[in-house]
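See structure below.
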Amino acid sequence: MSIEEKKRLQRNDRVTIRTVATHAGVSVAAVSKVMRNAYGVSEALRAKVTDAIEVLGYRPSRAARGLRGRSFTIGVLLIDIRNPFLPEVIAGVNGVLAPSHYQAMIGVSDARVQLETSLIESMIDYKMDGLILVAPRLPSDIIAKFAAQIPIVAIGYHDAGATAFDTVNADDQRGAEIAVEALLACGYRDIEMLSLGEREGHQVSVVRQREIGFRRAIQRAGLGSSAPITKIPIAPPKREETMRKFLSRKNRPRAVFCWSDLDAITLLSLAMEMGVRVPEDLAVVGYDNSSTAALGLVNLASIDQSGRELGQVATRTLISRIEGRTGAEHIFQMPSLVSRNSLIRSGMAPVT
């Protein structure tokens with residue numbers, strides 16, 4: 001770029017797509033094709049336009065692109081930012097978007113329907129091309145109404161009958177069964193589940209799906225028709241108080257399956273504080289296989305549902321929706337157990 005061109009850019013308006021086209025010696029349509037990664041663009045044309053964009057420091061207006069049809073922005077709505085499982089999901093989303101022209105914008109809710117609804121409406125107002133909802137708490141009919149306005153994929157939302165939006169899930173019922181089967185294989189017969197309170201999950205949530213799998217596995221093992229489940233409040237300090245009561249019970253079970261690493265790790269910490277040995281006094285299996293679970297001081301056995309893969313699959317599924325697919329897809333990933341010391345220490349004999 002000549003000195004005169006630089007001065008002219010400094011004096012005049014910001015760099016536009018027309019500026020890029022003029023600098024590259026091509027048409028505006030050609031620049032648009034390169035930016036959209038359209039089929040049939042030659043490497044020579046791509047190089048010309050890319051060089052011009054870099055030299056000029058061009059940044060396309062997302063608002064203008066939204067008015068023309070696409071903003072190339074995907075909204076990701078998270079409900080509970082505390083969950084150590086979420087960074088893997090986000091990494092999966094970003095991994096798919098990195099080589100594309102799409103970018104992710106993240107919104108954080110706190111499981112309040114009004115706030116969740118408001119954030120989705122804002123993402124629609126900002127002309128985002130699609131939404132990934134991670135464990136939404138909204139009823140299916142409300143999500144369907146939003147899906148009539150914008151493509152939506154929900155992660156951690158078990159509604160196989162939805163026709164307006166897609167879902168991507170681990171098989172949470174099977175995951176809970178795998179946890180119980182692992183405990184049974186180690187010789188534990190007195191098994192309980194720590195789950196969330198009734199108001200913190202509905203039938204399509206991962207919480208309730210894991211409860212269904214837990215009950216089925218317990219009954220199939222002949223351990224009784226009513227599988228014991230302790231419900232934990234979601235907010236402190238009642239959350240920790242409930243766990244302390246569980247650990248101090250005279251009839252405390254020999255093993256416990258926690259609905260999430262989020263609570264399993266807190267349980268391990270409280271157990272150490274209260275002198276309850278893991279796994280000698282209490283075996284623990286969590287769910288999510290978060291990075292924290294793998295730390296040497298934690299060593300939590302956990303069900304791995306591959307959050308990164310869920311994020312990748314959900315992103316590819318959303319992009320296919322954006323590009324015109326209309327039929328609903330409901331995708332299941334198979335979870336697996338990652339065994340660590342909270343289940344049985346190396347060299348320990350199985351419980352009899």
Side-chain angles (χ1 to χ4, degrees), residues 78-89 92 111 134-135 155-158 167-186 188 191-197 200-218 227-234 239 242-243 246 253 255-271 278-279 282-295 298-311 332-344:
L78 310 176
I79 300 304
D80 188 353
I81 196 64
R82 301 173 306 148
N83 198 321
F85 166 69
L86 294 177
E88 282 295 300
V89 176
V134 184
I155 299 176
Y157 195 88
H158 291 264
T167 62
V168 176
N169 296 290
D171 188 338
D172 287 293
Q173 291 187 26
R174 180 59 194 145
E177 291 179 338
I178 291 171
V180 173
E181 289 166 2
L183 290 166
L184 290 169
C186 290
Y188 302 108
I191 306 170
E192 195 162 323
M193 178 179 179
L194 290 190
S195 187
L196 286 184
E200 308 304 337
H202 39 82
Q203 197 63 25
V204 297
S205 74
V206 298
V207 182
R208 298 297 164 246
Q209 292 296 305
R210 291 169 194 173
E211 287 181 0
I212 292 170
F214 174 76
R215 290 192 181 98
R216 185 162 58 225
I218 290 293
I229 297 177
T230 294
K231 299 297 179 77
I232 304 172
I234 194 171
R239 174 173 173 261
T242 303
M243 290 189 191
F246 169 82
V256 62
F257 163 56
C258 290
W259 78 276
S260 169
D261 288 357
L262 184 67
D263 282 334
I265 291 169
T266 301
L267 185 71
L268 291 181
S269 177
L270 292 174
V278 176
L282 178 68
V284 182
V285 177
Y287 203 112
D288 288 337
N289 192 33
S290 60
S291 58
T292 307
L295 294 175
V298 178
N299 234 317
L300 173 67
S302 186
I303 300 298
D304 184 6
Q305 58 174 331
S306 187
R308 188 179 296 259
E309 190 171 350
L310 287 174
F332 268 121
Q333 305 283 103
M334 186 55 63
S336 61
L337 172 74
V338 177
S339 184
R340 298 190 181 96
N341 286 358
S342 70
L343 177 60
I344 183 168

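Just so it is clear, the values below take in all heavy atoms, side chains as well, and ignore hydrogens, waters and symmetry mates.
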Would you say the side chain of Asp304 lies within less than 4.5 Å of the side chain of Ser336, judging by non-hydrogen atoms? yes

List the steps, then state whether side chain to side chain contact (heavy atoms under 4.5 Å, CB included) holds for Arg308 with Val89. CA-CA 5 Å; Arg308 188 179 296 259; Val89 176; over 6 Å; no

Non-neighbouring partners of Thr230 that pass side chain to side chain contact (heavy atoms under 4.5 Å, CB included), sequence neighbours left out: Glu192, Leu194, Thr242, Phe246, Arg249

Minimum heavy-atom distance Tyr157-Thr167, with the two atoms named: O-CG2, 3.4 Å

Taking every heavy atom of Cys258 against every heavy atom of Val284, the minimum-distance pair comes out as SG-CG1, 4.3 Å

For Asp171, salt bridge (charged side-chain N to carboxylate O under 4.0 Å, His left out) partners two or more places apart: none

Can you check whether Asp263 reaches Arg239 side chain to side chain, under 4.5 Å on heavy atoms? yes

Whether Asn289 side chain and Ile303 backbone form a donor-acceptor pair below 3.5 Å: no

Given side chain to side chain contact (heavy atoms under 4.5 Å, CB included), test Ile229 with Trp259 step by step and report yes or no. CA-CA 10 Å; Ile229 297 177; Trp259 78 276; over 6 Å; no

Partners of Glu181 by side-chain hydrogen bond (donor to acceptor under 3.5 Å, both in side chains), sequence neighbours excluded? Arg174, Arg220

On a heavy-atom basis, which atom in Ala179 and which in Phe257 lie closest, and how many Å separate them? CB-CD1, 3.5 Å

Side-chain donor-acceptor pair present, Asp288, Gln305, cut-off under 3.5 Å: yes

Under a 4.5 Å cut-off applied to non-hydrogen side-chain atoms, are Tyr188 and Pro279 in contact? yes

For Ala293, check side chain to side chain contact (heavy atoms under 4.5 Å, CB included) against everything at least two apart and list the hits. Asp261, Ser290, Leu300, Arg340

Just to verify, what does Arg216 make a side-chain hydrogen bond (donor to acceptor under 3.5 Å, both in side chains) with, not counting sequence neighbours? Gln173, Glu177

Qualifying residues under side-chain hydrogen bond (donor to acceptor under 3.5 Å, both in side chains), relative to Asp172, sequence neighbours excluded: His158, Arg210, Tyr287

